[in-house]
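These notes are about the structure you will find just below.
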Amino acid sequence: MKVRRAELNDLDKLVEFTAAEAREAEGDTKSMKTLADGIKAALEDRSIAMYWVLVNEDNQPVGSASALKEWSDWNAGYYWWIQSMYIRPDYRGKGYMALLLNSIKSEMKGQAGLELRLYVHDDNQVAIKAYKKSNFTFSRYRIMIQK
């Protein structure tokens, strides 16, 4: 198993994984065209977001993650946010999420990033447990939105 940066030819798998993540995390069905448009835009312009794929021994994608950067004027650097994380069910529970996260964190540190952050739904106890296992802790902040 290894992690590599995603390429444009990974688009179909990234769309598949992102749609599956939305169904599992939120019970939501996303437009495949919108997902393809959004992911393709990021693959073509890494200032939007960056994608990584977890590949098996046959070099077939079995998981993916994406991250984006948020500038902090207080700290004159970038926070890196995990935007999506998905591993096929038959590859879960084997430490591969840590492999993905470590690859992202290594790149973040190489670019002098400040810290790795993510959102997780309050009721997604499986994800919370997995992220805690990867040394994430809860922050003092709560997310607020305005529509």
Side-chain angles (χ1 to χ4, degrees), residues 1-7 10-32 34-43 46-57 60-147:
M1 300 297 284
K2 70 176 186 172
V3 176
R4 64 169 170 76
R5 272 301 194 108
E7 302 165 353
D10 295 311
L11 180 61
D12 290 343
K13 278 294 182 189
L14 293 171
V15 169
E16 175 188 325
F17 293 163
T18 305
E21 177 192 6
R23 280 191 307 274
E24 287 182 18
E26 300 181 14
D28 196 2
T29 302
K30 299 292 183 189
S31 160
M32 299 301 263
T34 301
L35 289 175
D37 290 347
I39 294 168
K40 184 175 187 264
L43 289 171
R46 288 186 176 172
S47 71
I48 295 172
M50 300 158 286
Y51 283 81
W52 291 262
V53 290
L54 172 69
V55 296
N56 65 15
E57 307 77 29
Q60 296 301 309
V62 296
S64 66
S66 67
L68 51 89
K69 297 181 199 179
E70 173 192 27
W71 179 253
S72 170
D73 55 355
W74 284 12
N75 297 300
Y78 286 99
Y79 292 109
W80 283 43
W81 287 86
I82 298 296
Q83 180 175 290
S84 63
M85 172 75 63
Y86 182 80
I87 296 175
R88 279 185 10 198
D90 52 327
Y91 283 86
R92 294 180 188 167
K94 300 175 182 172
Y96 297 135
M97 186 175 82
L99 187 62
L100 267 168
L101 289 168
N102 288 339
S103 295
I104 296 168
K105 192 171 182 179
S106 176
E107 189 162 339
M108 179 197 74
K109 287 185 174 199
Q111 293 185 33
L114 300 171
E115 70 184 12
L116 193 56
R117 297 177 169 187
L118 57 80
Y119 299 94
V120 63
H121 289 270
D122 284 337
D123 59 350
N124 192 343
Q125 294 303 312
V126 172
I128 291 169
K129 182 179 177 184
Y131 290 129
K132 283 183 174 182
K133 194 173 178 181
S134 292
N135 298 318
F136 278 89
T137 60
F138 286 105
S139 75
R140 297 178 300 154
Y141 293 95
R142 297 213 38 182
I143 302 299
M144 298 175 71
I145 62 172
Q146 184 182 65
K147 292 186 177 188

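These numbers come from a predicted model, not from an experiment.
- Shown here for Ala36 and Val15, the closest heavy-atom pair between the two residues is CA-CG2, 3.5 Å.
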Fill in: Ser66/Met50 under side chain to side chain contact (heavy atoms under 4.5 Å, CB included): CA gap, chis, key distance, verdict
CA-CA 5 Å; Ser66 67; Met50 300 158 286; over 6 Å; no
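- In plain terms, the two heavy atoms of Met85 and Glu21 that are nearest each other are N-OE2, 3.4 Å.
- Smallest separation of non-hydrogen atoms from Val62 and Tyr91: CG1-CE1, 3.5 Å.
- Ring geometry for Trp52 versus Trp80: interplanar angle of 30 to 60°, hence tilted.
- No side-chain N or O of Ser84 forms a donor-acceptor pair with one of Thr18 less than 3.5 Å apart.
- In this structure, CG on Leu54 lies 12.0 Å from CD on Gln60, to the nearest 0.5 angstrom.
- Side chain of Gln125 to backbone of Asp122: a donor-acceptor contact under 3.5 angstrom is found.
- From Leu101, atom CG reaches atom CG of Leu118 across 7.5 Å, with rounding to the nearest 0.5 Å.
- With salt bridges taken as basic N to acidic carboxylate O contacts below 4.0 Å, one links Asp28 and Lys30.
- Aromatic ring centres of Tyr79 and Trp71: separated by at least 6.0 Å.
- A salt bridge links Glu24 and Arg92; the closest N-O separation between the charged side-chain nitrogens and carboxylate oxygens is under 4.0 Å.
- Considering all non-hydrogen atoms of both residues, Ala127 and Val120 come closest at CB-CG2, 3.8 Å.
- Within the model, atoms NZ of Lys40 and CD1 of Ile48 stand 11.0 Å from one another, a figure rounded to the nearest 0.5 Å.
- The closest side-chain heavy-atom distance from Tyr96 to Arg88 is not below 4.5 Å.
- Here the side chains of Leu116 and Ile104 are in contact, with some heavy-atom distance below 4.5 Å.
- For the pair Ala6 and Leu43, the tightest heavy-atom approach, listed with the atom from each and the gap, is CB-CD2, 3.9 Å.
- Side-chain contact between Val53 and Val3: absent, with no pair of heavy atoms (C-beta onward) separated by less than 4.5 Å.
- For Arg117 (side chain) and Ile82 (main-chain N/O), no donor-acceptor pair under 3.5 Å exists by modelled atom type.
- From Tyr119, atom OH reaches atom CD1 of Ile143 across 4.5 Å, with rounding to the nearest 0.5 Å.
- Annotation: side chain of Arg4 is in contact with side chain of Val55 (closest heavy-atom distance under 4.5 Å).
- Ser103 contributes a side-chain N or O that, together with a main-chain N or O of Leu99, makes up a donor-acceptor pair within less than 3.5 Å.
- Counting heavy atoms of neighbouring residues, nucleotides and ligands inside a 6.0 Å radius, atom NZ of Lys69 exceeds 12 of them.
- Atoms NZ and CD, from Lys109 and Gln111 in turn, are 14.0 Å apart once rounded to the nearest 0.5 Å.
- Considering only heavy atoms from C-beta on, Ser139 stays 4.5 Å or farther from Phe136 through its side chain.
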Practice prompt. Applying side chain to side chain contact (heavy atoms under 4.5 Å, CB included), run through Tyr78 and Glu70 and close with a yes or a no.
Written response: CA-CA 5 Å; Tyr78 286 99; Glu70 173 192 27; 5.8 Å; no
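- Residues Ser64 and Lys13 are not in side-chain contact: their nearest non-hydrogen atoms beyond the backbone lie 4.5 Å or more apart.
- Around atom NZ of Lys94, more than 12 heavy atoms belonging to other residues, nucleotides or ligands sit under 6.0 Å away.
- With hydrogens and angles ignored, the 3.5 Å screen pairs a side-chain donor or acceptor of Asp10 with a backbone N or O of Glu7.
- One finds the CG atom of Leu35 at 11.5 Å from the CD atom of Glu16 (value rounded to the nearest 0.5 Å).
- Lys132 has its side chain within reach of Phe138: a pair of non-hydrogen atoms, C-beta onward, lies under 4.5 Å apart.
- Side chains of Leu14 and Asp12 form no contact here, defined as non-hydrogen atoms less than 4.5 Å apart.
- Pairing each heavy atom of Phe17 with each of Gly63, the nearest pair is CE1-N, 3.4 Å.
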